[in-house]
Amino acid sequence: MNNIEWGKLPFGYVKTHYNVRCYYRDGKWGEIEVSSDEYINIHIAATCLHYGQEAFEGLKVFTGKDGSLRVFRWDENAKRMISSANGVMMAPPPMELFLEMLEKIVRLNSDFVPPYGTGASLYVRPLLIGTGAQVGVSPAKEYLFMIFVSPVGPYFKEGFKPVKMQIVRDVDRAAPHGTGRFKVGGNYAASLSSVVRAHQEGYGSVLYLDAKEKKYIDEAGPANFFGIKNNTYITPDSTSILQSITNMSLRQLATDMGLQVEVRPVPVEELNTFEETGACGTAAVITPIGEIIDRETGDKYTFGNEPGAVSTKLYQTLQGIQYGDVPDKYGWIHVIG
Ligand SMILES: *Cc1c(COP(=O)(O)O)cnc(C)c1O
């Protein structure tokens, strides 16, 4: 057992008992290894260190009222990991391997899954890296797929409150035909300078525009963007955004609530017409946006100091499904026995 104060957990790293690892060598995946070491030993010429052969995932496990350990849509994360791996020429971990390692690590660290009612959850971080040595630019022949977990509190300490976002035009996180649609670390490296600057300037996050024309909204740092107006849920269609599983789920829930759903390019000026806006992702589910300032033009779009009714209902429904308080109509939850 451990003596964690679940209600006070930050969204950060907490050491747990074990992590799980699996190496890809000689064209095949090996045995799953269990480790209590937080470090990995890799070759100095490993491709992950030089040429960015790295992809990751993020998903959560929740404790239900009945004590069950509930994973949300792991199959979508496993599929996206395969897509990201293929995107940067890495060996993709098969879905069955992903699930086996996921179940193993959750069982091994089950006392780190926060109890029902604490608002906390177990964050699961699968990671795939090129470990084979290459000096010339080419994909590695060896890969390491691992999963570690960390109990996390709610993403925003202040709770479900609107944040301020900054539109940036002098930095792009991804190009139209680049790696934006893959969950790879390089996209984050590209975003850091603008994200750190936005924090220093008092914003919760950054809103990127399409890199080519700077006309349309792409996404919000590590989260997708959506806007609500006229009983419609609108989210950008773009080749350079990461397809968020939370966004996919919210679109379904919005449809169930009787909203229209539109996935299409969203011009920046359309911000003037939205009744509510938000960012969505696994970490926070929904971050309502209260105000958006365009750093270059000074244009300001305001949505109020309280979360909108639609965003709130979507947020509560999705969280309800995750914790088991709302029926899981679509089989999104996998219970780890
Ligand atoms: C992970 C991520 C998201 C959110 O995706 P979810 O599947 O909802 O967690 C959005 N944008 C980027 C760039 C991401 O890396």
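FYI, side chains are in, hydrogens and waters are out, and symmetry mates aren't considered; it's all heavy atoms of this structure. Counting convention: from 1, in listed order, for ligands and their atoms alike.
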Should Glu306 and Lys161 count as an ion pair when the cut-off is N to O under 4.0 Å?
no

Arg173 neighbourhood, listing ligand 1 atoms whose heavy-atom distance to it stays under 4.0 Å:
13 (C)

Out of all atoms in ligand 1, which are within 4.0 Å of some heavy atom of Asn224? Include the element for each.
10 (C), 11 (N)

Is a donor on one side and an acceptor on the other found under 3.5 Å between the side chain of Lys300 and the backbone of Glu291?
no

Is it the side chain (CB and beyond), the backbone, both or neither of Ala223 that lies under 4.0 Å from ligand 1, heavy atoms counted?
backbone

min-distance protein heavy atom vs atom 9 (O) of ligand 1 -> Thr282 OG1, 2.5 Å

Kindly confirm or rule out a cation-pi arrangement of Lys229 over Phe274, judged by NZ or CZ under 6.0 Å from the six-membered ring centre and within 45° of its axis?
yes

Determine, stepwise, if the pair His334 / Phe72 fulfils ring-ring contact (aromatic ring centres under 6.0 Å, His included).
CA-CA 7 Å; His334 172 75; Phe72 184 71; over 10 Å; no

So for ligand 1, is Cys280 a polar contact partner (N or O within less than 3.5 Å, distance only)?
no

With a 4.5 Å limit on heavy-atom distance, are the side chains of Thr16 and Phe148 in contact?
no

Examine Glu219 against ligand 1 and note whether any of their N/O atoms are separated by less than 3.5 Å.
yes

Which protein non-hydrogen atom lies closest to atom 15 (O) of ligand 1, naming both residue and atom, and how far is it?
Tyr188 OH, 2.5 Å

Within-cut-off N or O pair, Thr246 and ligand 1, under 3.5 Å:
yes

Going by heavy atoms, is Gly180 under 4.0 Å from ligand 1?
no

Output yes when a side-chain donor or acceptor of Asn19 lies under 3.5 Å from a complementary backbone atom of Ser36, and no otherwise.
no

When you measure from the side chain of Ser110 to the backbone N and O of Val106, does any donor-acceptor pair fall under 3.5 Å?
no

For atom 1 (C) of ligand 1, what is the nearest protein heavy atom, given as residue, atom name and distance?
Lys183 NZ, 1.4 Å

Test of proximity, Gln243 against ligand 1: N or O pairs below 3.5 Å:
no

Who's the nearest protein heavy-atom neighbour of atom 10 (C) of ligand 1, and how far?
Pro222 O, 3.2 Å

For Gly221, take its heavy atoms, then give the atoms of ligand 1 lying under 4.0 Å from any of them.
13 (C)

Any donor-acceptor pair under 3.5 Å from Ser84 side chain to Met81 backbone:
no

Find out whether the Lys NZ or Arg CZ of Lys164 is both under 6.0 angstrom from the six-membered ring centre of Tyr203 and within 45° of the ring's axis.
yes

